[in-house]
Amino acid sequence: MRRIPIRRSTTHTQVDPDPEAEQRILDGLNDKQREAVTTTEGPVMIIAGPGSGKTRALTHRIAYLLAAGKAQPRDILALTFTNKAANEMQERVEALVGDDARGMWVGTFHSSFARLLRMEGDKIGYSEDFSIYDTADSKRLIRQQMKGRNLDTDVVKPRSVQRMISSAKNEMIDPQEYAELARGDQQEIVAEVYPAYERALKQANALDFDDLLLKPIELFEQHEDVLEKYQTRWQYVHIDEYQDTNQAQYVLARKLSARHKNLCVVGDDAQSIYAFRGADITNILNFDNDYPDATTIRLERNYRSTENIIRLADSIIEENDDQIEKSLWTDNAEGEYVALMEALSEKDEAQKIERRVRDLHLRDGMEYGDFAVLYRTNAQSRAIEEALRKENVPYRVIGGTSFYERKEIKDVLAYLKLLVNPNDTASLQRVINYPTRGIGDKTQARLQRYAQQHSLSLWQAVERVEEIETLGTRAERAVGKFRRLIARYASKAGTGSVPADELARDLIQDAGLLSELRKEHTRENLQRWENVQELISALAEYVESTEDATISTFLQEVALMTDQDEAEEGDDKVTLMTLHAAKGTEFPVVFVAGLEEGLFPLEQATQEKAELEEERRLFYVGVTRAEERLYLSWARSRYRYGEQTSNTRSRFLEEVDSDVVRTEAGGELEQQTDRFSAEEGPSADYDEMDPHYYRQDLSGDGGATGSSDGLRRIESTDGGGGRRVVYDEGHGEIVPGAQVEHQKFGRGKVQSLEGEGDKATAVVFFGSDVGNKKLKLKYANLRVIG
DNA sequence: CATTTATGCATTTTT
DNA sequence: TGCATAAATG
């Protein structure tokens with residue numbers, strides 16, 4: 001059963017001081033934590049390492065405020081990044097002070113400000129039934145805007161336009177400012193799409209994820225009185241995972257805490273892994289400057305992991321330059337060595353993991369639920385899933401395509417959104433001809449054109465089908481039928497005479513969704529049908545258990561749900577997830593898989609120091625999830641993009657404290673410290689190369705290099721374990737003076753050679769136009785022609 | 001208009 | 001590889 005985990009009770013309870021509870025709350029803490037909990041005046045920053053009980057500090061602090069009579073529930077605002085964190089916080093506070101701690105606002109940034117907009121959004125032109133567009137919806141909208149404007153989708157793809165607009169919003173750059181700043185073809189296109197996209201959202205009464213933070217700022221800036229109301233109300237503002245805040249979140253925190261100045265943030269700069277979505281690590285690094293009278297408390301003692309794991313983690317993070325000084329320590333036992341596993345392929349890696357899991361399960365009696373396998377990209381889960389499935393090891397995958405991203409679920413949600421907010425054009429387009437009802441592309445295009453000409457929303461055009469002359473009778477009747485269907489249910493939804501779940505059930509029945517799913521009796525369809533039923537049950541339960549529940553609030557909450565929030569604990573399964581999803585979790589046994597150059601750290605991230613440091617922090621987050629045992633693994637070859645690639649092990653493995661690591665054979669880890677230190681950052685030539693060079697030579701057709709005369713890399717391992725890469729010399733050698741051909745630069749003459757193995761480079765002179773180029777042999781794929 | 005077949009494109013990570 | 005949109009065909 002899926003729960004929509006929100007508490008939006010409007011009744012405020014009055015809590016009396018409770019000295020006994022206060023004592024109990026403080027008793028469970030060490031001195032440092034107690035200081036963090038009882039420093040309740042003024043800005044406070046709690047810098048807390050992994051496993052130091054920072055969530056504990058935060059929840060105990062809130063409980064303390066209530067028990068000590070310093071605050072009432074309604075005075076408290078607590079913001080997190082995931083629903084799961086918010087739920088845990090609410091539950092733990094209730095466990096400490098009793099379940100009458102209702103009336104607090106505890107929730108994610110996004111859902112809290114969505115709620116605020118529901119209440120106040122009309123002041124800036126949003127009715128409370130607004131739709132929330134996820135990334136896929138935004139992308140779709142952007143694609144349409146681009147097509148409608150004949151913008152070249154080859155120069156920038158809609159998905160990167162979406163990303164660029166999103167980052168602009170994260171930095172609080174509006175369309176006008178963006179247009180002034182735009183440089184280059186891509187940005188100019190974005191500058192044109194951005195305002196159109198904003199208008200389209202507005203017309204659909206829809207907000208994207210970024211808007212949920214930006215619009216409240218707009219609201220506060222345009223309506224002083226609204227800001228004052230909330231500033232006054234929330235005497236205590238708490239923010240978890242502060243290192244993940246972006247510009248907009250920073251501004252909101254500042255504004256809301258400006259009156260009482262009781263802002264308490266908790267975070268760990270070493271665990272900042274969300275820069276790609278606009279998180280600004282300087283928010284936490286500069287907290288002292290932003291709030292000069294702030295108290296800083298450091299929680300450095302780790303309660304989670306063995307000493308060996310902590311030592312490894314420390315040696316990882318030491319490599320980073322930009323960070324707040326802090327040193328982890330623990331009283332825990334030294335524990336086992338960290339194990340390094342080397343595999344031949346991703347299948348082999350998966351099998352090794354699976355064997356290790358079963359071994360520990362059978363011999364040491366560990367539960368399956370004690371294991372987590374972490375990886376860099378979602379695609380890596382497949383091989384591991386297969387290996388576990390083969391041996392009947394129970395597992396669950398967090399993330400990937402979540403429940404709410406499934407097609408059948410999105411279809412049902414789109415119907416519901418349409419009832420509540422008919423102007424939601426994205427939803428309308430999704431369902432207008434699904435299941436097919438004779439409203440094809442042509443008809444839709446005509447509706448669209450009519451809407452545009454009369455500056456109506458698409459739904460308004462549907463409402464006036466009769467007036468559209470370009471439509472034939474058949475199309476007109478089809479559209480009219482659809483209109484009546486939606487209108488009938490919309491009015492039912494409006495009066496609230498029918499329970500929401502019943503309404504939803506009837507609607508999808510009438511719309512033909514269910515019969516569509518039953519048309520073919522495949523396993524997939526059965527699963528889909530069950531998913532739809534589950535969604536409706538979730539709706540029923542939500543309406544049942546939540547005050548002021550409407551279909552609209554359900555839809556808004558659901559839009560902000562992720563699978564991570566669903567991870568029900570308790571059942572005994574191995575957990576598979578990305579390193580990002582792992583933040584905030586802990587497991588007795590952790591595997592970090594795929595420690596290979598190009599995968600972790602990702603190729604793209606190795607060019608910039610800042611990005612490389614973020615990858616390193618991600619590694620740090622991964623290893624610090626482990627309580628007792630930690631396994632690191634890498635595979636010599638791996639399928640990526642449907643092609644076999646061969647890999648070298650991650651540079652991270654060359655950096656870690658090798659004293660605490662043992663290979664499978666039990667030997668010490670031998671490191672090559674100079675492997676990457678020689679050249680930091682990009683070499684210019686490398687940059688200029690086609691990013692898809694490796695695919696070109698593998699496709700083998702039409703290109704300059706057939707597979708037989710291309711330069712092929714052969715790996716050899718010499719006896720001592722050090723790796724060397726030699727180059728096949730079957731078609732001539734790359735030696736100074738040799739004539740070679742390059743895919744892009746054409747013919748040239750080798751001037752000199754440098755380095756060995758993967759690092760081997762050649763300087764090649766390609767004629768006076770191009771000049772000398774320094775190329776990595778590993779990538780350049782030079783063909784020797786004489 | 002709907003269905004079938006072809007092409008192409010993606011893999012970072014997520015609220 | 002495997003999904004999603006585009007072209008081609010009925």
Side-chain angles (χ1 to χ4, degrees), chain A residues 79-86 107-114 132-136 138-140 143 147 153-154 157-160 162-163 166 169-170 207-213 241 244-246 248-249 272-279 346 374-383 398-402 404-405 407 433-445 472 474-475 478 556-565 577-583 594 598-606 611 614-615 617-619 621-622 638-645 691-692 695:
Chain A
L79 298 168
T80 65
F81 279 82
T82 64
N83 288 306
K84 192 178 159 206
T108 64
F109 272 94
H110 288 84
S111 71
S112 297
F113 288 106
I132 297 174
Y133 279 11
D134 65 13
T135 314
S138 298
K139 202 176 92 182
R140 181 174 296 215
R143 170 172 284 129
K147 282 212 171 142
T153 50
D154 288 336
K157 305 239 168 349
R159 100 196 120 75
S160 42
Q162 191 271 325
R163 274 208 284 263
S166 179
K169 286 184 162 191
N170 280 323
L207 298 163
D208 66 16
F209 285 146
D210 304 313
D211 286 336
L212 291 175
L213 304 174
E241 307 282 14
D244 291 334
T245 51
N246 65 21
Q249 286 157 333
S272 161
I273 53 174
Y274 282 109
F276 71 89
R277 70 165 188 220
E346 83 274 19
L374 311 181
Y375 36 78
R376 180 63 242 264
T377 65
N378 280 309
Q380 285 168 259
S381 74
R382 189 176 305 156
I398 311 279
T401 37
S402 86
Y404 296 102
E405 281 165 21
K407 184 185 179 304
N433 198 32
Y434 181 81
T436 49
R437 51 171 70 85
I439 309 177
D441 294 347
K442 270 263 157 57
T443 308
Q444 286 182 50
R474 196 174 49 174
Q556 289 172 3
E557 293 299 337
V558 154
L560 300 172
M561 291 276 301
T562 67
D563 247 18
Q564 267 109 78
D565 305 318
M577 60 186 154
T578 63
L579 288 143
H580 283 89
K583 193 158 75 167
L599 181 62
F600 191 25
L602 276 173
E603 182 72 42
Q604 300 91 310
T606 57
E611 288 182 45
E614 178 148 319
E615 295 281 305
R617 289 193 295 269
L618 195 53
F619 186 34
V621 167
R638 181 179 296 277
Y639 272 104
R640 282 185 90 189
Y641 315 101
E643 306 276 10
Q644 187 96 27
T645 60
H692 293 295
R695 298 179 88 174

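From a predicted model like this one, the values you see are computed outputs, not experimental measurements. Letters A, B, ... are given to chains in the order of the sequence lines, protein chains preceding strands, and every chain is numbered from 1.
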Practice task
Mind telling me whether A/F81 and A/F109 have parallel, tilted or perpendicular rings, with 30° and 60° as the class edges?
Solution key: tilted
Problem - A/R143, nearest nucleotide to its side chain (from B/dT15, B/dT13, C/dT5) - result: C/dT5
Practice task
May I ask you to decide if A/L602's main-chain N or O and A/E615's side chain share a donor-acceptor pair within less than 3.5 Å?
Solution key: yes
Exercise for the section: Could you tell me the separation between the NZ atom of A/K84 and the C1' atom of B/dT14, rounded to a whole number of Å? Expected result: 15 Å
Practice task
Using a 4.0 Å heavy-atom cut-off across all strands, classify A/F209 as base, sugar-phosphate, or nothing.
Solution key: base
Practice task
Under 4.0 Å between any heavy atoms, over every strand shown, what does A/Q604 touch: base, sugar-phosphate, or nothing? Just pick one.
Solution key: sugar-phosphate
Practice task
Provide, to the nearest angstrom, the distance between the CG atom belonging to A/L579 and the C1' atom belonging to B/dT14.
Solution key: 14 Å
Practice task
Would you kindly give the CG-to-P distance between A/L560 and B/dT15, to the nearest whole Å?
Solution key: 10 Å
Handout entry: Distance in Å, A/T108 OG1 paired with A/K84 NZ, rounded so as to fall on 0.5 Å steps
Key = 14.5 Å
Practice task
Give a yes or no on whether a salt bridge exists between A/R382 and A/E346, defined as a side-chain N under 4.0 angstrom from a carboxylate O.
Solution key: no
Completion exercise
Picking from B/dT13, B/dC9, C/dT5, the nucleotide nearest the side-chain atoms of A/K157 would be B/dC9
Handout entry: B/dT12 to C/dT5 separation - C1' atoms, rounded to the nearest Å
Key = 23 Å
Problem - A/N170 CG to B/dT14 P, straight-line distance once rounded to whole Å - result: 16 Å
Practice task
Could you tell me whether the side-chain ring of A/Y274 sits stacked on the base of B/dT13, using a centroid cut-off under 5.5 Å and a plane angle under 30°?
Solution key: no
Completion exercise
As its Watson-Crick or G-U partner within any shown strand, both distances under 3.5 Å, B/dT11 has none
Practice task
Kindly say whether A/Y274 contributes a backbone atom to a donor-acceptor pair with the side chain of A/N246 at under 3.5 angstrom?
Solution key: no
Practice task
Indicate whether OP1 or OP2 belonging to B/dT15 is found under 4.0 Å from a side-chain N or O atom of A/N246.
Solution key: no
Exercise for the section: Please say whether the positively charged group of A/K407, taken as NZ for Lys or CZ for Arg, lies over the ring of A/Y434, i.e. under 6.0 angstrom from the six-membered ring centre and within 45 degrees of the axis. Expected result: yes
Practice task
Starting at CG of A/L579, measure out to OG1 of A/T377 and round the result to the nearest 0.5 Å.
Solution key: 9.5 Å
Practice task
Give a yes/no answer on whether the side chain of A/N83 brings an N or O atom under 4.0 Å of OP1 or OP2 in B/dT15.
Solution key: no
Practice task
Tell me what A/D210 touches on the nucleic acid: a base, only sugar-phosphate, or nothing, going by heavy atoms under 4.0 Å.
Solution key: nothing
Handout entry: Distance, nearest 0.5 Å, that separates CG of A/D134 from CD of A/E405
Key = 7.0 Å
Exercise for the section: Whole angstrom is fine here: how far is it from CG in A/L599 over to C1' in B/dT11? Expected result: 10 Å
Handout entry: Nucleotide C/dA4, atom C1' - distance to CD of A/E405 in whole Å
Key = 15 Å
Problem - Euclidean distance for C1', B/dT11 against C/dA6 (whole angstrom) - result: 22 Å
Practice task
Without swapping roles, check the side chain of A/N433 against the backbone of A/I439 for a donor-acceptor pair under 3.5 Å.
Solution key: yes
N/O to N/O distances under 3.5 Å, protein versus nucleotides 1-8 of chain B:
from, atom 1, to, atom 2, distance (Å)
B/dC1, OP1, A/T443, OG1, 2.3
B/dA2, OP1, A/G438, N, 3.3
B/dA2, OP2, A/N433, ND2, 3.4

Fill in the blank from the handout: Applying the 3.5 Å cut-off to both distances, the Watson-Crick or G-U partner of C/dG10 turns out to be B/dC1
Practice task
Compare the minimum distances between each of B/dT15, B/dT13, C/dT1 and the side chain of A/T135, then state the nucleotide with the smallest one.
Solution key: B/dT15
Problem - Side chain A/R277 and base B/dT15 donor-acceptor under 3.5 Å - result: no
Problem - Interatomic distance where CD belongs to A/E603 and C1' belongs to B/dT11 [whole Å] - result: 13 Å
Problem - P-based separation of C/dA4 from B/dT13 [nearest Å] - result: 15 Å
Exercise for the section: Measure the distance from NE2 on A/H580 to P on B/dT11 and round it to the nearest whole Å. Expected result: 15 Å
Exercise for the section: Would you tell me if any nitrogen or oxygen in the side chain of A/R382 comes within less than 4.0 Å of OP1 or OP2 on C/dT1? Expected result: no
